[in-house]
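Protein chains get the first letters and strands the later ones, always in sequence-line order, with residue 1 at the start of each.
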Amino acid sequence: MKPQKTKGLLKHGFMYIFQPRNLHKMKETIMLWSKAFIPTLKEVPADAQVKSHILMLRAGMIRQLSAGVYTYLPLGWRSMLRVMDIIRDEMDEIGGQEVFLPSTTPLELWAETGRDVGMGDIMTRFKDRRGTELALAPTHEEVITDLARGEIRSYKELPQTWYQIQNKFRDEPRPRSGILRVREFLMKDSYTLCADEAQLHEAYKLHEKAYRRIFERCGLQYFVVGASSGMMGGTGSEEFMVPSESGEDIIATCECGFAQNLEIAESFPTSVEWVSCEKAKVHTPEQRTIEQVSGFLKLPQGQLLKSLIYITQSGKAVMACLRGDHELSEEKLQAVCGEKVRPAEAEEVLKLTGVPIGFLGPIGLNAKLEILVDRAVDSEAPFATGANEVDYHIVGYKLTDISEYKKVDLRMVAEGDTCIHCGKPLNLIRTIEIGHIFKLGTKYSKPMGATFLDEEGAARPIQMGSYGIGVGRILAAAIELSADGDGIRWPITIAPFEVVITPVNVADEEVMSVATAIYEELLDEGIDVLLDDRDARPGVKFKDADLIGVPIRVTIGKGVKNGVIEIYERQTKTTTEVSIEDAMDSIIDLWDRLFEELSE
RNA sequence: CGGGGCGUGGCGCAGUCCGGUAGCGCACCUGCUUUGGGAGCAGGGAGUCGGAGGUUCAAAUCCUCUCGCCCCGACCA
């Protein structure tokens, strides 16, 4: 899987499309550090909190324009281009054909699938001069489906795999963590058009394989987990998750291979030591939270019944009841309700039940709303819950005391839970989502009328799949995984430069002539090399080289007098002295080795 | 959208409580010395104190409004 040595920028489609220019000339300027625009920062910018954000700013890779909107500087963009190179390579490998879809889309198109409403404020809308309503595409299912319905006629034209690398616009309510959650970002998205479910399954599996190869080549550790389909809809999806403290998602994994996003994960809960008690109503003045009530009644939190009221998108109220020590998964509740839900406001709860939050319970509320009970609540066990009366709770009641309820899966997996397949304890891991693959089925093709004629001449909706990768998130995730106290440690496959040559003193002619000779030879080999020809102190150069994370540094200094230079490996911080004659071979050997470590 | 914090040279910050006309470190420019892990000395340039309005003889500082950014929550492929 190692690229041929004339790879790098020369291969990029982007370069050909947008910048047909003399690449050799560009190389000569950009690969001299003194001429390159690499604005490194010694201090940590005040706005950055997470490791990858801090380092991308400090290494001069990105700059912020506004909340969740970033400019990629030359160093950052070079790494982005290399990630895209790998993505294109692997997408082409599974028969993908690259396209380029517009970002400006008629709002009408989104109305066809109902996502003009479904997307809500995430989708930015505006009008053109004629008053036509437009939207900036947050994703491209509708655009692709529109293309397909106009062009695909026969089963003989299927399957198709179309992909693009495009900016997506999502007006996130809260952009954060640098480049991890942004409002404008580069995504590789691909779409498969298939004749039937078997074909779709095959296309889906091919994507999974391609994604595995892409992330492996990018040097990432990752989990593939079962996931919620969210606003994409469809019949099934899996996410590719990189473990990181800076991530926003939590996944549950088991050594038996089970792995799911916490949003949908299932598990066996820990058990509760019940305290037996008789039915009673207890005065519990000002005791509202689970902690307060549990402490006041001297009952374990797991013996309380937590009652939460939610309002569905269509305006229906439901009560979700869980063990006091468990958390509700809103994703699961949404799945049960079949529509979006939101927590009820305090006033709504009061109006609906006549009871303020804190003293709610399911007993006697059937007439007012639907009651859903999480299946982890033991039917036999006595529980304590709100009495639906201010300052009172009831104890010793059982589920059978609720006249009507549905038992469903509502709870979020918690620390200490065990695996539903093998019974071993689950691990909860915080992660960054870098890819997500969906089986969409006919969710878009049906309402939009994207059909083809099968062998019998019958019109059938196209079976679709949709597959995304966050290009920028790959960079952030790689940094999160491998950075150390001195800066970034790039996997060589996505480093902005593969080698940096550091002449310790540019005023020393002998040093410079050796440095320049090695630089030019490496260029001839097709290796991405940066020559640090700045008239700066060695400490500055070493610190900067460590910070921007170039995997191989060739230091040329006092050893030259004895015919010796040094090769420094950023990952391990090990230095090897070699003779000038052996330098090229040693550098290329190390270069080869670093690539080989990242291929299967 | 709720809660909290912050906007002062390019970056990091002090000054705000207690009003008196802006300062420190880094970076930058010039010169000299220096050159193996973010150099030293000397000189220099650079700030609508986020914006608007108000109070006052006088506002970075007090009051009102407003914009922006960050964090937590909500939300989220």
Legend entry - Minimum-distance nucleotide to A:P538 side chain [options: B:U35, B:G12, B:C70]: B:U35
Inset, instruction - Using both distances under 3.5 Å as the test, list the Watson-Crick or G-U wobble partner of B:G2, or none. - result: B:C72
Legend entry - Distance-only polar pair, side chains of A:Y222 and A:E216, donor-acceptor under 3.5 Å: yes
Legend entry - Nucleotide of B:G12, B:G37, B:U35 approaching A:N505 most closely (side-chain heavy atoms): B:U35
Inset, instruction - For the side chain of A:Q64, starting at C-beta, report the closest nucleotide among B:C71, B:C70, B:G25. - result: B:C70
Inset, instruction - Name the nucleic acid region contacted by A:E433, choosing base, sugar-phosphate or nothing; use a 4.0 angstrom heavy-atom cut-off, strictly under. - result: sugar-phosphate
Legend entry - Watson-Crick or G-U wobble mate for B:G31, both contacts under 3.5 Å: B:C41
Legend entry - Pairs where residues 53-63 of chain A contributes a residue and the test side-chain hydrogen bond (donor to acceptor under 3.5 Å, both in side chains) is met, not counting sequence neighbours: A:H53-A:Y70
Inset, instruction - Using the C1' atom on both, measure B:A27 against B:G9 and round to a whole Å. - result: 11 Å
Inset, instruction - Please name all residues satisfying side chain to side chain contact (heavy atoms under 4.5 Å, CB included) with A:R176, sequence neighbours left out, ordered by chain then number. - result: A:R174, A:R181, A:E248
Inset, instruction - Name the nucleic acid region contacted by A:T502, choosing base, sugar-phosphate or nothing; use a 4.0 angstrom heavy-atom cut-off, strictly under. - result: nothing
Legend entry - Closest nucleotide among B:G37, B:C76, B:C70 to the A:E172 side chain: B:C76
For nucleotides 38-45 of chain B, list the nitrogen or oxygen atoms of the protein found under 3.5 Å from its nitrogen or oxygen atoms, one pair per line.
from  : atom 1 : to     : atom 2 : distance (Å)
B:G38 : O2'    : A:K42  : NZ     : 3.1
B:G38 : O6     : A:R58  : NH2    : 3.2
B:G38 : N1     : A:D544 : OD1    : 3.1
B:G38 : N2     : A:D544 : OD1    : 3.2
B:G38 : N2     : A:D544 : OD2    : 3.3
B:A39 : OP2    : A:R537 : NE     : 3.3
B:A39 : O4'    : A:R537 : NE     : 3.3
B:A39 : N9     : A:R537 : NH1    : 3.4

Legend entry - Backbone N/O of A:I357 and side chain of A:R288: donor-acceptor pair under 3.5 Å: yes
Inset, instruction - Not counting sequence neighbours, which residues clear side chain to side chain contact (heavy atoms under 4.5 Å, CB included) with A:E566? List them please. - result: A:T555, A:T575, A:E577
Inset, instruction - Could you pull out all residues at least two apart from A:D544 that satisfy side-chain hydrogen bond (donor to acceptor under 3.5 Å, both in side chains)? - result: A:T40, A:R534
Inset, instruction - Select base, sugar-phosphate, or nothing to describe what A:S237 touches, counting heavy atoms under 4.0 Å on all strands. - result: nothing
Legend entry - Nucleotide nearest A:A67 (side chain, heavy atoms from C-beta), chosen from B:C69, B:A74, B:G36: B:C69
Inset, instruction - Output all residues satisfying salt bridge (Lys or Arg N to Asp or Glu O under 4.0 Å) with A:E266, sequence neighbours left out; order by chain, then residue number. - result: A:R375
Legend entry - Euclidean distance, atom CD of residue A:E510 to atom C1' of B:U35 [Å, nearest integer]: 16 Å
Inset, instruction - For A:R553, answer base if it contacts any base atom (sugar-phosphate contacts may also be present), sugar-phosphate if it contacts only those atoms, and nothing otherwise; contact means non-hydrogen atoms under 4.0 Å. - result: base
Inset, instruction - Name every residue in residues 555-565 of chain A that has at least one heavy atom under 4.0 Å from any atom of RNA chain B, in order of residue number, or write none if there are no such residues. - result: A:T555, A:G557, A:K558, A:G559
Inset, instruction - Mind checking side chain to side chain contact (heavy atoms under 4.5 Å, CB included) for A:S246 and listing every partner two or more places apart, or none if nothing turns up? - result: A:V50, A:L180, A:S244, A:E480
Inset, instruction - Compare the minimum distances between each of B:G36, B:C75, B:A74 and the side chain of A:R174, then state the nucleotide with the smallest one. - result: B:A74
Legend entry - Donor-acceptor under 3.5 Å (A:D533 side chain, A:W33 main chain): yes
Inset, instruction - Using a heavy-atom cut-off of under 4.0 Å over every strand shown, decide if A:V506 touches base, sugar-phosphate, or nothing. - result: nothing
Inset, instruction - Would you indicate what A:D189 reaches in the nucleic acid, counting non-hydrogen atoms under 4.0 angstrom: base, sugar-phosphate, or nothing? - result: nothing
Legend entry - Nearest to side-chain heavy atoms of A:A46, which nucleotide of B:G36, B:G12, B:G73: B:G12
Legend entry - Who pairs with B:C49 - Watson-Crick or G-U, where each distance is under 3.5 Å: none
Legend entry - Set of side chain to side chain contact (heavy atoms under 4.5 Å, CB included) partners for A:D508, sequence neighbours left out: A:N505, A:E510, A:V511, A:K561
